[in-house]
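See below for the structure under consideration.
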Protein chains: 2
Amino acid sequence: MVTLEHVARAAGVSRATVSRAVTGSGPVSADALRRVRAAAEALGYVADPIARALARGTGTRLVVAMTGTSDAVLDCAYTGRVLSTAARLLAPEGLGVALRRLPLHAPAAELDALARDRTVGGVVLVNTTAEELAAVPRELRGRVVSIGVGSAVVPSVDVDAAAAAAASVAHLVRSGRRRIAMVTGPEWLPCTRRPVAAFRAAVAAAGLPVRTVPGGFDAAAGAAGAEEVLARWPDTDAVLGSCDDVALGVLAVLRRHGRQVPGDVAVTGFDDAPLAEVTDLTTATHPVERITDAAVRAVLTGAPADGTLFFPSELVLRRSA
Amino acid sequence: MVTLEHVARAAGVSRATVSRAVTGSGPVSADALRRVRAAAEALGYVADPIARALARGTGTRLVVAMTGTSDAVLDCAYTGRVLSTAARLLAPEGLGVALRRLPLHAPAAELDALARDRTVGGVVLVNTTAEELAAVPRELRGRVVSIGVGSAVVPSVDVDAAAAAAASVAHLVRSGRRRIAMVTGPEWLPCTRRPVAAFRAAVAAAGLPVRTVPGGFDAAAGAAGAEEVLARWPDTDAVLGSCDDVALGVLAVLRRHGRQVPGDVAVTGFDDAPLAEVTDLTTATHPVERITDAAVRAVLTGAPADGTLFFPSELVLRRSA
DNA sequence: GTGAAAGCGCTAACAG
DNA sequence: CTGTTAGCGCTTTCAC
């Protein structure tokens, strides 16, 4: 194993100088810099992240903290996508990923524990709530980022779900649908409010009735939502699901009620999950990998909070709508 | 932050003694042990994994190494499940998870790099091949485990896919199917050979024709496999898919050919993925969480290799068969 | 600009 | 059985 010491000897300088040269902190003469770089290159030096973490007091892992009402959220496909992306990105840095669930209420204790834990280098909050953002301890600032809503101190990235909802409505209206309902996401989740508002605005602007029912993120919620839609507005000719799983639940209920899709009722989802293609579901893409990528980089670089960074979503037309 | 030093002072012993008491390594008098425990408890001491890793020369993360022909395997749902489980299990230990793909051929270089990387505490090989097992460097022994096939030095855990295949065939035969075909998993993957062998044995034992076609693990492979099955044996009345995705591909092709499911042809999958429930697919469970759990624990404890530990799979009957 | 020296918190010889 | 003594590899004051 080649250490700082070896590079220092090869370059004819002290360990301190090599450290400064390698990390870019502190002053180093152009000449020393060149020699250190050459030596490091020649020896194939790469800093040990563990020793560095111990000396700096920084952590060696990034915690993905999913907010949710139960541990079930940790097993969903979305969590898996976020984790895979983060783990892959961090692998070359010598950093790892850990997974934790944050309780929906009173998350302060958990967040404080994370802030105190010297092994955590940064935190990515997923499905963040306002209560959670308010509870982010000062010590975590600069190394926490949110996927979803953000705050003045917590930078955030998200998909442009509002645009996706608007695009879905536009497509449905264009293809002749006039009585469009939406099964929304979980009510406690702030970032689902944007697409709902966009949906309401879009149908209202088209002069159509505004129909929404509370939903969630799984097929069961979609099924329940569809039942409610059919009960309240039997003439509905299109349903937007908050995500693909919800849309599949909607499809199951429509089939049970003998409604043809897309003949009688059109259905759209959101995510473009693998099952959307298999089930021929019209849906909008959710670039989870790009979003996670941005979030991880933001944590690593300590990016300041300046509004939410939105990633575009694209409508994928298939048989269902 | 409370360190070893604090506990030592409170217990009236040296740091070394506290270390021995806490880790359980080396001799400590019953009296000292008691006092150290009390002090540690009172102060809420918890060892810093980073300092420990630096001193011991062990890593702070566990690498999940997926074998595959392309990076696409890193994005599949299965990888996500493995990663979520591992990340959750490791969180309380202060350890993280990293994700890497191992090339199908000549994996020795990658494995050597992992062995040399001081940040890696252990490795979980997924979809292991014989070539890979042979290339496991000596330095990795005792901290590497395989999900799939194992070797004399690499312990392994897997699902009992052979039993699942046999159970599926038994169910199909019981319900009157007589011309059963199987779309197998990827040919390069050794652990898929067991269920194929079990399938062949089961149909042969029932006095039925043995029909298998090479497949893979995604819907496209299932579709291609189904086309081949229909071309070679048009009278087939049941198809086993190597996994749920494959079964969905099979379903799509059957539908396209106007075959009724389960009327004309029965279809079964394997995994019991979320989409199996949504699409009413008869399938066998794949306890990925339990398997990963066992694998991670084995890496952490350095369990010796003594044959593959198999986890049971259960048939879930739904509409498709 | 540069080097010497003092740690970060823990483990592991080595004497006693 | 226990304490002392060196480190693990890197960062970071603080003099020069």
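Chain letters run A, B, ... following the sequence lines, proteins first and then strands; every chain starts at 1. Computed from a predicted structure; not experimentally measured.
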For Ala53(B), which contact category applies under a 4.0 Å heavy-atom criterion: base, sugar-phosphate, or nothing?
nothing
pair Pro190(A)-Thr129(A): side-chain heavy atoms closer than 4.5 Å:
yes
Can you tabulate the close N/O pairs, meaning under 3.5 Å, that link protein atoms to atoms of nucleotides 12-16 of chain D?
none

Working to the nearest 0.5 Å, report the span between [atom1] of [X] and [atom2] of [Y].
X        : Y        : atom1 : atom2 : result
Met66(B) : Thr79(B) : CE    : OG1   : 3.5 Å
Leu99(B) : Leu62(B) : CG    : CG    : 11.5 Å
Ser14(B) : Glu5(B)  : OG    : CD    : 9.5 Å

What is the distance from [atom1] of [X] to [atom2] of [N], rounded to the nearest Å?
X        : N       : atom1 : atom2 : result
Leu54(A) : dT11(C) : CG    : P     : 12 Å
Arg52(B) : dG7(D)  : CZ    : P     : 22 Å
Glu5(B)  : dG7(C)  : CD    : C1'   : 13 Å
Asp31(A) : dT2(C)  : CG    : C1'   : 13 Å
His6(B)  : dG9(C)  : NE2   : C1'   : 11 Å
Arg9(B)  : dT2(D)  : CZ    : P     : 19 Å
Ile50(B) : dG9(D)  : CD1   : P     : 16 Å
Arg34(A) : dG1(C)  : CZ    : C1'   : 15 Å

Does this structure show an ion pair linking Glu41(A) with Arg37(A), if we count only N-O contacts that are shorter than 4.0 Å?
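Salt bridge flag = no for Arg37(A) with Glu41(A).
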Ion pair check, Arg34(B) and Asp31(B), cut-off under 4.0 Å
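Yes.
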Between Arg52(A) and Asp48(A), does a salt bridge (Lys or Arg N to Asp or Glu O under 4.0 Å) hold up when you go through it step by step?
CA-CA 6 Å; Arg52(A) 178 169 279 177; Asp48(A) 177 353; over 6 Å; no
Donor-acceptor pair between Ser156(B) and Thr308(B) side chains, under 3.5 angstrom:
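The criterion, which ignores hydrogens and geometry beyond distance, is satisfied for Thr308(B) and Ser156(B).
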Five-pair end axes of the helix from dG1(C)-dC16(D) to dG16(C)-dC1(D), angle between them (10°):
40°
Taking for each residue the nucleotide of DNA chain D with the nearest heavy atom, is it Ala32(B) or Arg118(B) whose nucleotide lies nearer the 5' end?
Ala32(B)
If you only use heavy atoms from C-beta on, which nucleotide in dC10(C), dG9(D), dT11(D) is closest to the side chain of Leu4(B)?
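Taking heavy atoms from C-beta onward, the closest nucleotide is dC10(C).
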After noting the C-alpha distance and the side-chain angles of Thr85(B) and Thr292(B), does the key distance pass the side-chain hydrogen bond (donor to acceptor under 3.5 Å, both in side chains) rule?
CA-CA 7 Å; Thr85(B) 307; Thr292(B) 304; 4.7 Å; no
Between Thr3(B) and dG9(C), does any side-chain N or O lie under 4.0 Å from OP1 or OP2?
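It does not, given that no N or O in the side chain of Thr3(B) lies less than 4.0 Å from OP1 or OP2 of dG9(C).
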